[in-house]
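Notes follow the structure.
Please read these numbers as outputs of a predicted model, since none were measured by experiment.
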Amino acid sequence: MKSARPGFTVLVALMLSSACAGFVGCNRIPGRPGPEPEVARPDEVLAFATLYKENCAACHGENGRNGAAISLANPVYLAVTGEETLQHAIAKGVPGSLMPPFAKSSGGMLTDRQVTALAQGILQQWGKPNLLTGENPPPYLATLPSDAGRGQQAFTTSCARCHGATGEGSSGKPHIGSIVDASYLALISDQNLRSITIAGRPDEGMPDWRSAASQPLTDQQITDIVAWLASKRTVNPGQPYHMKSPTGAETR
């Protein structure tokens, strides 16, 4: 029996090699789309940066400050608030404010794990552990009965230097607007007024409760100041605010 010619053997080997390569690599033909990358479902996302950007940045600012809502990049505010209260606010919203609930159990879009990831992420990103150790900060929530008359007196003593005796601003600080303006008060809740009075606004140079006057503000004084400011409100936060046109007619 004659042996196969060398040239023929090489040709057969090349053909078999090409067929195998085609069979193995058929899914890697140039120009054919590769497999779709795995994308996490929205309710599986736990990365703080993503959760914050998609749910918080629009109101609280890209970096936790300079937004329409209260600054989260304020270590004093976070120390007074604490993780439990922060998590509750994210999950259920803040009554009497524009802060909506985000937890699915309250009509939002986030799972309980995502709410926890957001609260813990905010504290890790901008909080300072043990910041108020040895201090006696006023509590986050008001628990004492309020008196608007006493509040006006406390405001004049501790806040008038920057905000003016009536809250309409001071000529020495023209960049600070009126905090008794009806449109402003229609957008801010009593709780936000209290939180800002306690924690200050470091992004705007406003001191916290410890350095507003020669003596730190007490829980009672803060409660009374908020009551006095709230007495200037004409509509509740989140409700339609009627503005008057130059002709005197009300508009929305």
Under 3.5 Å, is there a donor-acceptor pair between the side chain of Asn74 and the main chain of Ala199? yes
Answer yes or no: is there a side-chain heavy-atom contact under 4.5 Å between Leu123 and Gln87? no
Verify, without hydrogens or angle tests, whether Thr81 (side chain) and Leu78 (backbone) share a donor-acceptor contact under 3.5 angstrom. no
Counting only N and O atoms by type, is there a donor-acceptor contact under 3.5 Å from the side chain of Asn55 to the main-chain atoms of Leu51? yes
Using a strict threshold of under 4.0 Å (side-chain N to carboxylate O), is an ion pair present between Asp112 and Lys104? no
Between Thr218 and Gln220, is any side-chain donor less than 3.5 angstrom from a side-chain acceptor? no
Check: Tyr77 ring centroid to Trp209 ring centroid under 6.0 Å: no
Would Arg194 and Asp219 pass as an ion pair if we require N to O under 4.0 Å? yes
Tell me, do Phe102 and Met109 make a side-chain contact under 4.5 Å, heavy atoms counted? no
Taking the side chain from Ser189 and the backbone from Pro95, do they hold a donor-acceptor pair closer than 3.5 Å? no
Donor-acceptor pair, distance only, cut-off 3.5 Å: does the side chain of Arg210 make one with the backbone of Pro216? no
Measure the acute angle between the ring planes of Phe155 and Trp228, then classify it against the limits of 30° and 60° as parallel, tilted or perpendicular. tilted
